[in-house]
Amino acid sequence: MISGHTVGFEPADELAKDPESVRRRFWIKFKRVMSKLPFAEDLLSAYYCAFDKETPRHVQAALLGAIAYFVLPFDFIPDMLPVLGFTDDAAVLATAIRMVATHIKPEHRDAARAALRRGIEPEI
């Protein structure tokens with residue numbers, strides 16, 4: 001049963017419970033759309049923080065939920081729409097990052113910048 005307090009994030013919540021699926025699906029979508037993402041560095045920083053073994057579980061859960069929303073094939077605003085397509089993804093990610101910002105370390109940001117320079121999936 002869906003309560004009156006949900007806004008359609010249930011599929012992302014379910015996907016976030018399977019980190020390996022999120023990891024695999026993240027790189028497939030990220031490679032496809034990275035040139036269109038103005039928030040690519042923040043998204044990658046969140047990704048590296050979420051998969052860092054030193055990151056607390058509650059932080060990982062928040063970030064995995066936001067990343068899972070990004071990888072889902074459906075959105076409130078379809079990703080194919082020019083300009084508006086990723087605004088919902090950016091809003092979900094920005095909210096998650098604000099909640100856990102102190103846990104995103106300079107190392108996560110450095111790894112994100114390095115991956116963007118390479119333009120490929122990192123060796124993990």
Side-chain angles (χ1 to χ4, degrees):
M1 179 172 125
I2 298 176
S3 74
H5 299 344
T6 62
V7 288
F9 293 106
E10 295 83 8
D13 291 341
E14 286 303 311
L15 179 59
K17 293 176 185 174
D18 183 4
E20 285 310 309
S21 180
V22 171
R23 183 187 302 260
R24 185 178 64 259
R25 292 170 71 174
F26 173 83
W27 286 111
I28 292 167
K29 183 169 184 180
F30 186 80
K31 287 178 187 180
R32 192 176 74 242
V33 301
M34 77 180 196
S35 66
K36 301 174 194 168
L37 291 178
F39 57 94
E41 185 177 319
D42 289 329
L43 179 59
L44 277 175
S45 297
Y47 172 88
Y48 287 118
C49 183
F51 285 98
D52 184 339
K53 292 180 184 346
E54 294 181 18
T55 299
R57 288 302 229 177
H58 70 283
V59 173
Q60 288 177 333
L63 293 175
L64 280 172
I67 294 166
Y69 184 81
F70 169 76
V71 303
L72 286 172
F74 59 88
D75 286 340
F76 288 125
I77 302 172
D79 293 340
M80 288 128 346
L81 292 176
V83 182
L84 297 176
F86 292 106
T87 55
D88 58 329
D89 300 282
V92 169
L93 180 65
T95 301
I97 287 175
R98 262 184 254 132
M99 290 171 43
V100 300
T102 59
H103 295 281
I104 298 177
K105 301 174 186 173
E107 300 84 47
H108 301 137
R109 295 207 179 274
D110 292 344
R113 283 190 285 277
L116 287 171
R117 278 193 301 274
R118 285 191 313 272
I120 59 169
E121 180 178 347
E123 298 297 319
I124 302 176

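Here the structure is a predicted model, which means the values were calculated and not measured.
The two residues A46 and L63 have their closest heavy-atom pair at O-CD1, 3.6 Å. Heavy atoms only, all atoms of each residue included: L44 and A115 are closest at CD1-CB, 4.1 Å. The two residues Y47 and R23 have their closest heavy-atom pair at OH-CG, 3.0 Å.
Interatomic distance, CD of Q60 versus CD1 of I67, reported as 10.0 Å (0.5 Å rounding). Taken from CZ in R25 to CG in D18, the straight-line distance is 9.0 Å, to the nearest 0.5 Å.
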Going by atom type alone, with no hydrogens or angles, which donor-acceptor pairs under 3.5 Å involve a side-chain atom of residues 91-106 and a protein atom two or more places apart or on another chain?
{"from": "T95", "atom 1": "OG1", "to": "A91", "atom 2": "O", "distance (Å)": "2.9"}
{"from": "K105", "atom 1": "NZ", "to": "E54", "atom 2": "OE1", "distance (Å)": "3.4"}

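Checked by atom type and distance alone, the side chain of T55 pairs as donor or acceptor with a backbone atom of C49 at under 3.5 Å.
In the hydrophobic clustering of ILVMFWY residues, with side-chain heavy atoms under 4.5 Å counting as a link, I28 and V33 come out apart.
The shortest distance between side-chain heavy atoms of F51 and L64 falls below 4.5 Å.
Here salt bridge (Lys or Arg N to Asp or Glu O under 4.0 Å) pairs that include residues 41-52, with residues two or more places apart or in two chains, are E41-R113, D42-R109.
Listed by chain and number, the residues in a ring pair (Phe, Tyr, Trp, His ring centres under 6.0 Å) with F30 are F26, W27 (sequence neighbours excluded).
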